[in-house]
S.K.: 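Next up is a structure, given as structure tokens.
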Amino acid sequence: MARRKPLVVVTRKLPDKIETRMRELFDARLNVDDVPMSQADLCEAVATADVLVPAICDRIDTRVIEAAGPNLKLIANFGNGVDHIDVTAATQRGISITNTPGVLTEDTADMTMALILAVPRRLTEGAALITSDDGAWPGWSPTWMLGHRIWGKRLGIIGMGRIGQAVARRARAFGLQIHYHNRRPLPAQIEEDLEATYWDSLDQMLARMDILSVNCPHTPATFHLLSARRLKLVRPDAYIVNTARGEVIDEHALIRMIEHGEIAGAGLDVFEREPAVSPKLLKLARAGKVVLLPHMGSATVEARVDTGEKVIVNIKAFMDGHRPPDRVLPSML
Ligand SMILES: O=CC(=O)O
């Protein structure tokens with residue numbers, strides 16, 4: 001007798017190519033209209049599904065895990081970060097989790113570099129000004145719209161995993177000096193190739209950098225890693241860029257310090273209460289102090305297709321009785 005195809009519930013619209021392949025391989029319940037699923041919808045879905053494919057905008061909390069029926073054995077996340085999933089609760093219920101590392105490294109590093117350039121060089125401010133209706137551009141002047149040079153400055157990367165290293169490779173080409181803080185130093189050869197300096201003490205690194213880039217995952221250990229106390233160590237002429245997760249920075253404290261001129265500015269692609277963005281940040285953006293993007297770090301067609309392909313590989317491996325290549329365990333967080 002032919003084996004029943006696994007019932008795979010996908011919470012958001014995925015690239016057409018991925019949805020077509022999922023329809024071929026699985027009993028796929030797709031969300032072609034891309035209407036976000038409520039917590040109640042998610043609970044209903046996991047009651048009968050074999051596999052749930054959530055996206056990073058879904059909240060797979062204890063309530064959803066407790067609603068899982070006996071068939072749910074795998075949560076194959078569409079995305080890298082898993083801070084929206086209660087990994088411990090799922091693991092305790094015997095549900096495996098997978099993510100999609102590697103496929104968004106270069107795109108996220110590009111967006112990080114874009115923000116590293118955009119904030120000190122006032123890119124969005126200038127672009128808004130030239131297209132404004134009131135003809136606000138008075139013409140070139142030696143002292144007008146001056147930003148700050150990034151060449152020769154010190155970049156402190158917080159979290160030197162795949163994305164942090166990809167940022168370092170780009171930043172070197174822009175003449176930045178690479179410094180980093182990580183749980184562990186990089187292997188000597190990689191450190192040498194990147195000409196990167198390791199700081200065991202995050203506090204000491206923060207006090208000496210011109211630009212800081214947050215590239216670590218959000219885990220219980222990195223929540224508010226840049227706390228109000230640590231932000232006070234940052235130089236008043238320094239900029240902070242975050243393309244990782246909003247929760248890694250105490251956003252209230254950051255806003256206050258930028259408002260008071262205690263930090264020069266920030267480039268943020270992620271926020272503490274996404275998709276809500278603090279009105280104070282919007283005001284700072286209009287004042288040219290911050291550049292804000294709506295969580296677009298990995299938003300390329302290529303990354304989304306590659307992510308979908310990784311999800312499929314993980315589901316297939318699991319269903320064939322193998323260890324899925326991108327298994328996430330609570331001990332990894
Ligand atoms: O932010 C994107 C991801 O974690 O995949």
Side-chain angles (χ1 to χ4, degrees), residues 10-15 18 31 34 36-37 51-61 74-87 90 96-116 157-167 170 213-223 225-226 240-249 251 266-277 291-315 324-330 332-333:
V10 182
T11 66
R12 297 302 295 259
K13 166 100 188 92
L14 301 184
I18 299 302
N31 184 353
D34 206 22
M37 288 172 76
V51 179
L52 179 71
V53 179
I56 61 166
C57 44
D58 298 308
R59 208 157 32 84
I60 312 302
D61 55 14
L74 176 67
I75 297 176
N77 189 47
F78 186 93
N80 199 22
V82 290
D83 54 335
H84 57 299
I85 302 174
D86 191 333
V87 175
S96 297
I97 317 270
T98 57
N99 68 344
T100 58
V103 290
L104 41 76
T105 305
E106 304 303 334
D107 298 314
T108 309
D110 284 342
M111 201 57 113
T112 308
M113 201 60 225
L115 286 172
I116 290 173
I157 298 175
I158 301 164
M160 202 54 147
R162 288 188 191 85
I163 298 173
Q165 291 174 48
V167 171
R170 284 158 177 75
S213 175
V214 178
N215 295 108
C216 60
H218 168 220
T219 66
T222 63
F223 175 77
L225 185 67
L226 295 192
I240 299 183
V241 165
N242 187 4
T243 54
R245 285 291 183 268
E247 291 90 336
V248 179
I249 305 183
E251 197 176 277
L268 306 176
D269 183 42
V270 287
F271 305 90
E272 255 202 271
R273 275 162 283 275
E274 274 177 37
V277 180
V291 174
L292 308 177
L293 294 174
H295 203 145
M296 289 165 62
S298 62
T300 66
V301 173
E302 292 84 349
R304 295 292 192 253
V305 170
D306 292 351
T307 300
E309 276 166 1
K310 261 196 169 262
V311 169
I312 291 172
V313 168
N314 279 312
I315 299 175
D326 305 308
R327 179 104 194 261
V328 178
L329 297 170
M332 294 169 162
L333 304 177

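Worth knowing before you read on, the calculation uses all heavy atoms, side chains too, and leaves out hydrogens, waters and symmetry mates. Numbering of ligands and ligand atoms starts at 1, following listing order. Because the structure is predicted, anything quoted here is derived from the model rather than measured.
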S.K.: Return yes if some donor-acceptor pair links the side-chain N/O of Asp58 with the main-chain N/O of Ala55 below 3.5 Å, else return no.
M.R.: yes
S.K.: Short question: side chain of Asp34, backbone of Lys13 - any donor-acceptor pair under 3.5 Å?
M.R.: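 Looks like yes, one N/O pair under 3.5 Å.
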S.K.: Between ligand 1 and the protein, which N/O pairs are shorter than 3.5 Å?
M.R.:
| from | atom 1 | to | atom 2 | distance (Å) |
| --- | --- | --- | --- | --- |
| ligand 1 | 1 (O) | Arg245 | NH1 | 2.9 |
| ligand 1 | 1 (O) | Arg245 | NH2 | 3.4 |
| ligand 1 | 1 (O) | His295 | NE2 | 2.9 |
| ligand 1 | 4 (O) | Asn80 | N | 3.4 |
| ligand 1 | 4 (O) | Gly81 | N | 2.8 |
| ligand 1 | 4 (O) | Arg245 | NH2 | 2.7 |
| ligand 1 | 5 (O) | Asn80 | N | 2.7 |

S.K.: Just by distance, do the side chain of Gln165 and the backbone of Met160 share a donor-acceptor pair under 3.5 Å?
M.R.: yes
S.K.: Residues in salt bridge (charged side-chain N to carboxylate O under 4.0 Å, His left out) with Glu302, at least two apart?
M.R.: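 Counting only residues at least two positions away or on another chain, Glu302 forms no salt bridge (charged side-chain N to carboxylate O under 4.0 Å, His left out).
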S.K.: Please assess Asp326 against Asn99 for the test side-chain hydrogen bond (donor to acceptor under 3.5 Å, both in side chains), listing each intermediate value before the final yes or no.
M.R.: CA-CA 6 Å; Asp326 305 308; Asn99 68 344; over 6 Å; no
S.K.: Rounded to the nearest 0.5 Å, what separates atom CZ in Arg162 from atom CG in Leu104?
M.R.: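 Here the rounded value is 9.0 Å.
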